[in-house]
Amino acid sequence: MHENLRENLAEIRRRINKSAEKSQRSADAIKLIAVSKTHPAADLLAAMQAGANIFGENKVQEAEGKIRQIGREKAEWHLIGNLQSNKARKAVRLFDVIHTLDSVELAERLERICIEENVANLSVFAQIDLAKEPTKSGIDERDLPELIAFLKNCARLKFDGLMTIPPFDDDAEKTRPYFRRLREIRDELKAQNAFSNDFGELSMGMSGDFETAIEEGATLVRIGTAIFGSRQSKISG
Ligand SMILES: *Cc1c(COP(=O)(O)O)cnc(C)c1O
């Protein structure tokens with residue numbers, strides 16, 4: 001299992017480089033988030049041995065145990081799943097980046113908790129709901145200006161980018177319009193100086209479609225299955 005992991009990571013890096021080259025981008029501008037949800041800390045440690053240093057988790061509770069085991073400072077921790085307000089304090093303590101900011105209410109809460117917890121900076125991405133599927137979360141594009149206006153006045157929250165999850169499709173080409181739209185929104189916001197980091201990260205692309213996402217400008221790809229293998233057996237067990 002852990003031998004595969006090393007090979008899988010090498011293969012993903014090779015494919016990232018190839019897509020970057022194809023779209024005339026620097027591979028250094030694309031960071032790999034190893035999505036380790038459902039996998040035990042031992043797998044994360046093995047991935048670290050193979051060079052992974054950014055992990056994505058979708059549940060605060062599950063991540064907490066692994067982060068404690070591995071060490072908060074040993075890697076960069078990204079929350080990529082929905083954040084319930086009652087988990088916000090834990091999330092502030094555990095994560096470096098939250099990809100799933102989707103309301104002013106949540107931003108208010110995170111800002112207040114950062115102050116209470118003496119957290120100087122918390123990087124946040126707005127998750128945008130482009131497909132408007134009933135099951136997907138994220139903020140509607142139309143509500144984005146209000147969120148951004150609020151973030152401008154936050155001392156602790158740093159608005160650093162955008163994230164989206166397109167509807168699942170076996171055909172990665174079908175996801176391209178969503179990636180392209182997210183980049184357009186990013187470019188508009190960048191022109192308005194909306195981002196704390198000046199450029200605006202694009203968190204988009206998963207195991208099945210990360211190459212398309214890179215062609216459309218992804219700066220962070222979130223890859224689980226193609227690194228750690230299938231999650232199915234672990235979900236049912
Ligand atoms: C699970 C998950 C991923 C990784 O998906 P894979 O298809 O396993 O690569 C990426 N992003 C989010 C938000 C996820 O929940």
Side-chain angles (χ1 to χ4, degrees), residues 1 4-5 7-16 19 30-40 43-44 46-47 50 52-64 66-67 75-84 87 91 94-102 106 123-139 160-176 178-179 182 201-236:
M1 156 72 199
N4 286 343
L5 213 152
E7 279 168 30
N8 292 350
L9 269 168
E11 173 67 7
I12 294 292
R13 290 230 159 74
R14 195 189 58 74
R15 286 168 62 188
I16 288 173
S19 303
I30 301 146
K31 283 179 276 181
L32 170 60
I33 303 179
V35 175
S36 45
K37 63 189 188 197
T38 78
H39 299 284
D43 291 6
L44 280 71
N53 54 7
I54 309 177
F55 291 100
E57 289 281 340
N58 69 334
K59 293 200 175 102
V60 174
Q61 208 71 21
E62 181 193 331
E64 184 180 24
K66 292 185 233 181
I67 296 173
E76 212 177 282
W77 302 99
H78 290 227
L79 181 66
I80 60 170
N82 234 0
L83 178 54
Q84 290 164 347
K87 303 278 169 57
L94 292 169
F95 290 96
D96 298 289
V97 186
I98 292 178
H99 290 229
T100 48
L101 181 62
D102 60 359
L106 181 58
S123 186
V124 294
F125 299 169
Q127 179 181 358
I128 307 193
D129 178 17
L130 294 172
K132 307 210 173 62
E133 289 177 300
T135 53
K136 286 274 161 61
S137 43
I139 190 167
D160 283 337
L162 304 177
M163 181 269 221
T164 201
I165 308 172
F168 177 79
D169 203 298
D170 281 328
D171 177 5
E173 271 314 304
K174 296 259 167 61
T175 60
R176 189 183 294 277
Y178 298 98
F179 297 148
L182 197 71
E201 304 270 10
L202 282 174
S203 165
M204 56 191 201
M206 320 199 331
S207 291
D209 56 17
F210 70 91
E211 285 145 318
T212 311
I214 290 171
E215 287 166 27
E216 296 301 331
T219 63
L220 289 157
V221 290
R222 311 180 305 263
I223 302 181
T225 314
I227 296 172
F228 294 102
S230 159
R231 287 182 293 270
Q232 269 165 359
S233 57
K234 293 183 184 173
I235 284 169
S236 57

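The structure presented is a predicted model; accordingly, all values stated were derived computationally and were not measured. Just follow the structure's listing: the first ligand is 1, and inside any ligand the first atom is 1.
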Ile67 and its side-chain contact (heavy atoms from CB on, under 4.5 Å) partner, picked from Val60, Leu44, Leu94 = Leu94
Polar proximity ligand 1 side, Asn58 side, N/O cut 3.5 Å exclusive = no
Apply side-chain contact (heavy atoms from CB on, under 4.5 Å) to Leu202 and Glu216, showing your working.
-> CA-CA 10 Å; Leu202 282 174; Glu216 296 301 331; over 6 Å; no
Carefully, step by step, assess Asp96 and Ile54 under the rule side-chain contact (heavy atoms from CB on, under 4.5 Å).
-> CA-CA 10 Å; Asp96 298 289; Ile54 309 177; over 6 Å; no
Any idea which atoms of ligand 1 are less than 4.0 Å away from a heavy-atom of Ile223?
-> 9 (O)
Closest non-hydrogen protein atom to atom 5 (O) of ligand 1, residue and atom name please, with distance?
-> Met206 CE, 3.7 Å
Atoms in ligand 1 flagged as close to Ile165, the criterion being non-hydrogen separation under 4.0 Å = 13 (C)
Given the rule in the ring pair (Phe, Tyr, Trp, His ring centres under 6.0 Å) test, do Trp77 and Phe55 qualify, once you have shown the distances and angles that lead to the verdict?
-> CA-CA 5 Å; Trp77 302 99; Phe55 291 100; 5.5 Å; yes
For Glu57, which of Lys87, Lys66, Lys37 qualifies under salt bridge (charged side-chain N to carboxylate O under 4.0 Å, His left out)?
-> Lys66
With atoms numbered from 1 as shown, which atoms in ligand 1 lie under 4.0 angstrom from a non-hydrogen atom of Ser207?
-> 6 (P), 7 (O), 8 (O), 9 (O)
Is Lys31 salt-bridged to Glu201, cutoff N-O under 4.0 Å?
-> yes
Does ligand 1 have any atom that is closer than 4.0 Å to a heavy atom of His99?
-> no
Which atoms of ligand 1 sit under 4.0 Å from any heavy atom of Arg222?
-> 4 (C), 9 (O), 10 (C), 11 (N), 12 (C), 13 (C)
Please write down residue, atom name and distance for the protein heavy atom closest to atom 15 (O) of ligand 1.
-> Lys37 NZ, 2.6 Å
N or O contact, Ile80 vs ligand 1, cut-off under 3.5 Å | no
Taking Glu62 for the side chain and Thr38 for the main chain, is one N or O donor matched with an acceptor at less than 3.5 Å?
-> yes
Thr225: numbered ligand 1 atoms lying under 4.0 Å from its heavy atoms | 6 (P), 7 (O), 8 (O), 9 (O)
